[in-house]
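Just below is one structure, and these are the notes that go with it.
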Amino acid sequence: MIKRLELKNFTAFRNLSIDFSPKISVIVGENGTGKTHVLKAAYCLCMDSSHTNQIPNNAHNTFEEALTAKILRLFMPLDNRLSKIRHNGTKGKSQLKADFHLDTTLSLFFSGNSKAVTMQNNAKNIKHNGEPVFIPTKEVLSLMKGISSKNADQQTIRSIFDDTYLDLCQALLKPAGQTNSDQIDLDPRFGTVFPKMVNAIGGRFDFHMGNISFQQGSYEQKRVSDQHKYGDKTKTVFKTLQGHRLSNNMTAEGFKKIGELQQLLQNQSLQPGISGPLFWDEPECNMNPKLMSLLVEILLELSRNGQQIVIATHDYVLLKWFDLLMDKDKEDHVLFHSLYRDDNTREIKINTTDDYLNIIPNPIDEAFGTLINQEITNDMGELGK
């Protein structure tokens, strides 16, 4: 679990510190304020050496070299050089620093002529609860067949997609160990969210003939005979609509965003209380606003079961649902972070609060307010001003 991230002289940031909730953190800000960069930096630092050394086609001798390659793959700077991800005009060293649970810290430095990052201490032995998961803005289910194809030119693939997409593709391809019904009945952390997601979109995504496809249907409770005990017991079963399996390309993109979460939970790449943080960049993209409350309910339930979640969003509906659905009796906690550019110095600053009404500045709310005011003006003319 990551507690704090510090970025100095890195990409858009001169000096930025951000504290993360052990449950949910939501980052807002106008375009160009570095929301995605925060997510990517935190994601990279949450990886341990066993993961970063799995980068293909690179024989890394040290953890520092592996982290260097991973940073370059995540940000894909011009000329593939660290100097291109330093803050513009900076003269000091660039630093990425993360504080984790159990009082462990990973701090990386590099300068304008560095070929690799340097660790402040021996962080190779830092062990996290589990591997982090990053869900990027574009959905990946429809891209998996091409990305994972043996006939695909991997150099071309890697020139198009940064490692948030390739890492997620690899996580989605991980086989599931149990059937969904067994997981639902045996693991309450899985059972409280998975059927709800499936029933909300009218089906589930799973592997069929080597590809992920969409099977229409829903989960129902069925009474089955228990031979070892008196009476019957209840089992959760998936009732399919026969002949209604669809390809990825025939399903809505908003459904596929939910499908990514389904698949990650099915194969336990995302396992609350065990896996590392979930970073999700603009989950609202291509999603019907009617699904937003469901998504927030699911994320809150995952956090209640020990899953740390960090989100960047531009969407008013998604942001507001967090405010409306939080339940302090269930120990819900959401930290809201607002990134903004200082009018005088033009540097990016941050304000943090756990009170929705104190998000300052709140460009999402401000844009929504402007829209409402314009509608009133259009309807009432001068009287609406």
Side-chain angles (χ1 to χ4, degrees), residues 1-11 36-86 93-102 104-136 140 147-148 154-174 269-270 274-279 281 308 310:
M1 182 178 295
I2 184 170
K3 298 194 298 184
R4 183 179 177 84
L5 175 70
E6 296 179 18
L7 301 173
K8 295 181 180 180
N9 298 326
F10 182 74
T11 63
T36 299
H37 287 190
V38 169
L39 265 61
K40 286 184 175 182
Y43 172 66
C44 181
L45 294 176
C46 284
M47 296 177 175
D48 62 28
S49 58
S50 63
H51 184 90
T52 51
N53 278 310
Q54 293 175 359
I55 301 171
N57 303 322
N58 286 282
H60 300 297
N61 297 318
T62 68
F63 187 30
E64 292 173 338
E65 291 175 330
L67 280 172
T68 301
K70 196 64 182 178
I71 291 171
L72 293 174
R73 281 295 307 146
L74 288 171
F75 289 91
M76 296 180 68
L78 291 173
D79 304 327
N80 202 39
R81 293 167 54 188
L82 288 173
S83 61
K84 300 298 184 181
I85 53 176
R86 281 163 52 79
K93 287 187 176 181
S94 299
Q95 180 185 21
L96 294 82
K97 179 182 177 183
D99 295 328
F100 301 98
H101 70 302
L102 302 178
T104 55
T105 297
L106 174 59
S107 186
L108 308 178
F109 294 91
F110 62 92
S111 58
N113 57 2
S114 296
K115 293 184 179 180
V117 298
T118 302
M119 288 188 298
Q120 187 178 38
N121 51 19
N122 183 16
K124 187 172 183 177
N125 295 323
I126 289 180
K127 297 297 180 183
H128 308 296
N129 284 345
E131 292 298 339
V133 174
F134 194 114
I135 303 181
V140 173
I147 291 176
S148 61
Q154 289 304 308
Q155 184 174 354
T156 300
I157 293 294
R158 289 167 64 81
S159 69
I160 297 173
F161 301 105
D162 66 49
D163 266 12
T164 60
Y165 290 91
L166 304 188
D167 289 351
L168 179 59
C169 183
Q170 185 176 20
L172 291 169
L173 288 170
K174 179 182 173 183
S269 291
L270 194 64
I274 298 176
S275 57
L278 167 63
F279 299 95
D281 196 4
Q308 186 181 29
V310 184

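Positions are given from 1, in the same order as the sequence printed here. Note that this is a predicted model, so its numbers are computed, not measured.
To the nearest 0.5 angstrom, Leu106 atom CG is 5.0 Å from Leu45 atom CG. Here OH of Tyr165 is found 11.5 Å from CD1 of Ile135. Values are rounded to the nearest 0.5 Å. Taken to the nearest 0.5 Å, the NE2 atom of His101 stands 12.5 Å off from the CG atom of Asp99. Rounded to the nearest 0.5 Å, atoms CD1 (Ile157) and OG (Ser148) are 9.0 Å apart. Between atom CG of residue Leu168 and atom CG of residue Asp163 there is a gap of 11.5 Å, rounded to the nearest 0.5 Å. Interatomic distance, CG of Leu96 versus NZ of Lys8, reported as 11.5 Å (0.5 Å rounding).
Legend: residues meeting ring pair (Phe, Tyr, Trp, His ring centres under 6.0 Å) with Phe134, ordered by chain and number and at least two apart, are Tyr43. Here Asp162 pairs with Lys40 under the salt bridge (charged side-chain N to carboxylate O under 4.0 Å, His left out) rule; sequence neighbours left out. Shown here are the salt bridge (charged side-chain N to carboxylate O under 4.0 Å, His left out) partners of Lys3, two or more places apart in sequence or in another chain: Asp103. For Ser111, the side chain to side chain donor-acceptor pair (under 3.5 Å) criterion is met by Asn113, Ser114, not counting sequence neighbours. In this view, Thr11 and His37 satisfy the side chain to side chain donor-acceptor pair (under 3.5 Å) rule, not counting sequence neighbours.
The side-chain heavy atoms of Ser275 and Val133, taken from C-beta on, include no pair separated by under 4.5 Å. Side-chain contact between Gln95 and Lys93: absent, with no pair of heavy atoms (C-beta onward) separated by less than 4.5 Å. Within the 4.5 Å cutoff, side-chain heavy atoms of Leu108 are placed close to those of Ile71. The side-chain heavy atoms of Thr105 and Lys97, taken from C-beta on, include a pair separated by under 4.5 Å. Residues Leu172 and Ser269 have side chains not in contact (no heavy-atom distance under 4.5 Å, counting atoms from C-beta outward).
Salt-bridge annotation for Asp167 and Arg73: absent, with no side-chain N of the basic residue lying under 4.0 Å from a carboxylate O of the acidic one.
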Result block: side-chain N/O donor-acceptor pairs under 3.5 angstrom for residues 74-83, not counting sequence neighbours:
none

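The two residues Thr68 and Ala116 have their closest heavy-atom pair at OG1-CA, 3.3 Å. Nearest heavy atoms, Ala41 versus Leu5: CB-CD2, 4.3 Å.
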